[in-house]
Amino acid sequence: MTAGLKHFTAIALTILVLNLGGLRAEAKLNVVATTSDIGALLEKIAGDQASVEVIAKGTQDPHFIEPKPSYMVKVAKADLLVSNGLSLEEGWLPNLIQGGRNPKVKPGTKGYLELGQHAEPLDIPQGAVSRAAGDVHPDGNPHFTLDPIRMGALANVVAERLAELDPSNRAQFVGRAKTLQKELETKTKEWQERIAKTGVKQVVAYHNDLRYFLERFGLRAAAFLEPKPGIPPTAQHLLDTVSLIKRDKISVILVENFFDTKIAERLASDVPSVKVRVVGIAVGSKVELKSTADVIEQLVAAIEGKSI
Amino acid sequence: MMNLILISMRGLGVLGCIAGISLAGAQENKSENPTAGTAVGTAERSAARRIGLMNPDMSLNALMLYTNSNRGNHIFDSERNGPSLQSADLLFTADVDPYSKLTAVFGIHQEQATSPAREGEWKIEPEELFVETLEIPSLTLRAGRFNAAVGKHNMLHPHAFPFVDAPLINSNLLGEEGLNDVGLSAAWLAPLPWYMELTAQVLSGRPEADATETAYFNNGSANASVHLLHLKNLVDLSDSLTAEMGLSGIKGSNEFPDGAGISQIGATSFWGADLTFKWRPVEGGKYRALVWSTEYLNRRINRPTAYNQAEGYASWLQYQLTQRWWVQVRSDYLQAWESAVTPEALDMPLFQRKVSALIGFFPSEFSGVRLQYSQNLDGKPDVDPEKKVYLQFNFSIGSHPAHAY
């Protein structure tokens, strides 16, 4: 064997061994969730039968995640990639999928699940879509993880997909999903009663990401602190919002905690009667919020005017 | 109904690109089909959307520039003071089928004027046009014309440059348009706990029609291919901080006439290193970020009786002050020396040191205004250091894919 051939063989073997390491079959499914809400849902359904990795943390705005190569490493090892969809991750997930070089989790395969397609989205824009309106989501509002009823239904979708990949644990996945759905439905009834008791019908929020929560609980957003989606608050817009708050006697302002909370503090000092609540709207956005139920419980408490 | 959420993700994309930070970038486009506006019923809308999906993602980035330099109106400098359309990039991308994806970037720009009194000619040319594989585990193969994987800056399009102009090492050693050639590329993602990618590329090495004797890969003979290796490592130091280290090496050949006018072939080689730290806090990351990037590049052009060599670095800091404002500084250094070749043959000053400062405002993810001041001590005889102000407007429309991190 010539020296050159020896070198070549050594390199080829090294690459082969390294690749085998990466492909080592494991009984446990590797699941990657794009957001912490989806990650929490997956953990509940998959239990010990899968290890779940999450990309966007609850403290981060999921629209603006940087496609770090370290996330590609997670995607490269995944058996299942579960995304929110409705273009929430459009700015970063395509890069991670391509960079992960893992054909198992490409869109269109059974290793890829986009929950938005099963979520019956609200606010699908009618008519022309233009960026003159700020950032718009042409497929509908993607923040459905704040609706406990939709999340209960999606638990079944997730369970079905996990069962497809790991049929031996089907009964467990499906059973856990049913339990979770029932639990969320029961709690939703209680939450609806508590909110009805407050008499609150309208709130002001920073950005339209509470849409599904408000809809589910018969509330509406009277105004947003952002003049247009994605455009930071201007002085004039805040003045208009203050007069609207006074006119309509709005009692609660909810500020999602990845936005600048200084603006909320300023509003609170301008209108002392209004309660400003800095809320987490995702699992992990505050340390104590470990599940969708925790997040909703906190939002309900905020509407009730409790300090949270 | 339009009040949908949004900051959409695509969000930072352009902002990122404009700021040169390469955040995520796509702008969604799903229903940007013109017929979507007239469709009323849901069925019609989704039909319109499906048609839209059959079109590639398309986007246009336009860079408008105003410059003023203390040398700008001199006859010896082809760059004149005043407004110009710096460049525009038309980008098309779509999956071809389940196995491959095609990306095409057409650059529209003005050639250098042949006389200071005239406009340069307008040209449209493929900056990049390549096909990539989608189905091979751990490996991406690419064929076509693309920006070579040397360092980090060479892979950026002008609208994604961190500063208005490219670093001196890029514009002087790799050329105004960077190292961009037809070839094959294989990028392998190592199955390790951190990100390690090894890229090997073979480029044609054919000189451009107007290549000069000083062009670095100007070998016009049949076997002139250029070989490149690039190793990229990226580790998360914490959830907020990443460190990226890259090493690049290139080997090719050059051609020049010897004293007797006979063509001689010599070797041209490059090696480079880059180091980038990016910090964006997990909490409050919409409003603050810091990037520190440094690139080093060394080029040697060997000839049987002589050589010329140049090396330099660029190091820059970018700080995001608020959601829409960035401040940045850059330091550039470049030194060249030669054995028996005359300084003219290097086609650049023997020594340059440049400092730049920039402030950028980004009204949205799709637009930006940047003001830059640069001072370049380039040792040109009897001339003051060049002092130059740039005001650049950056606009982006359509569906632009996310930029690399």
Side-chain angles (χ1 to χ4, degrees), chain A residues 15 18-19 21-23 57 59-70 72-73 76-77 87-92 94-95 98-103 106 108 123-129 131 133-143 207-209 211 224 229-232 258-260, chain B residues 1-13 16 23-32 36-37 40 42 45 49 98 101 134-140 189-195 197 234-236 239 242 244 278 280 282-287 323-324 364-366 401-402 404-405:
Chain A
I15 289 177
L18 287 171
N19 262 331
L23 298 171
K57 299 199 169 356
T59 52
Q60 293 174 302
D61 183 342
H63 301 95
F64 292 100
I65 300 301
E66 298 170 298
K68 290 184 195 174
S70 41
M72 293 173 188
V73 174
K77 294 176 187 158
S87 62
L88 181 75
E89 306 100 334
E90 201 151 47
W92 47 278
N95 268 23
Q98 198 182 348
R101 283 158 259 209
N102 179 358
K106 267 178 55 180
D123 297 343
I124 298 174
Q126 301 292 312
V129 177
R131 290 203 182 114
D135 290 330
V136 289
H137 280 290
D139 296 317
N141 188 316
H143 301 286
H207 180 81
N208 195 10
D209 35 24
R211 178 75 170 93
F224 299 103
I231 307 292
F258 49 69
F259 291 112
D260 188 355
Chain B
M1 283 305 236
M2 293 288 199
N3 48 352
L4 303 195
I5 319 297
L6 318 310
I7 313 189
S8 218
M9 51 268 325
R10 5 332 197 349
L12 272 214
L23 301 186
Q27 312 156 23
E28 51 213 298
N29 66 317
K30 302 224 167 122
S31 73
E32 277 161 21
V40 184
T42 311
R45 283 187 46 75
R49 224 170 262 185
K101 175 181 172 178
L134 298 173
E135 278 284 333
I136 306 175
S138 302
L139 193 68
T140 302
L189 178 62
L192 295 168
W194 76 95
Y195 184 92
E197 183 190 50
L234 185 137
V235 290
D236 283 11
D239 286 339
T242 58
E244 178 181 340
K278 286 193 183 187
R280 181 176 288 281
V282 175
E283 288 181 39
K286 279 182 81 65
Y287 303 99
Q323 189 175 346
R324 307 204 278 186
S364 74
E365 309 90 80
F366 311 109
Y405 179 66

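Per chain, numbering begins at 1; letters A, B, ... match sequence-line order. Because the structure is a prediction, the values reported are computed rather than measured.
- In this structure, the side chains of Val282(B) and Gln60(A) come closer than 4.5 Å at one or more pairs of heavy atoms.
- Only the side chain of Glu197(B) has a heavy atom closer than 4.5 Å to any heavy atom of chain A.
- Ranked by heavy-atom pairs shorter than 4.5 Å toward chain B, the options Gly99(A), Pro69(A), Pro103(A), Pro232(A) are led by Pro69(A).
- The distance from the CZ atom of Arg101(A) to the CD1 atom of Ile136(B) is 11.0 Å, given to the nearest 0.5 Å.
- Residues Ala76(A) and Leu189(B) approach most closely at CB-CD2, 3.9 Å, considering heavy atoms.
- Note that CG of Leu234(B) and CE of Met72(A) are 9.0 Å apart. Values are rounded to the nearest 0.5 Å.
- For chain A, the nearby part of Thr242(B) is the side chain; its heavy atoms alone come within less than 4.5 Å.
- Rounded to the nearest 0.5 angstrom, His63(A) NE2 and Glu365(B) CD are separated by 10.0 Å.
- The distance from atom CZ of Phe258(A) to atom NZ of Lys286(B), rounded to the nearest 0.5 Å, is 7.0 Å.
- Contact between Tyr287(B) and Phe259(A) at its shortest, heavy atoms only, is OH-CA, 3.5 Å.
- Taken from CD1 in Ile231(A) to CD in Gln323(B), the straight-line distance is 8.5 Å, to the nearest 0.5 Å.
- Interatomic distance, Tyr405(B) OH to Ile65(A) CD1, rounded to the nearest 0.5 Å: 11.0 Å.
- Although no hydrogens or angles enter the test, the distance criterion places a donor-acceptor pair under 3.5 Å between the side chain of Lys106(A) and the main chain of Pro98(B).
- Residue contact with chain B, scored on non-hydrogen atoms closer than 4.5 Å, involves the backbone and the side chain of Lys68(A) alike.
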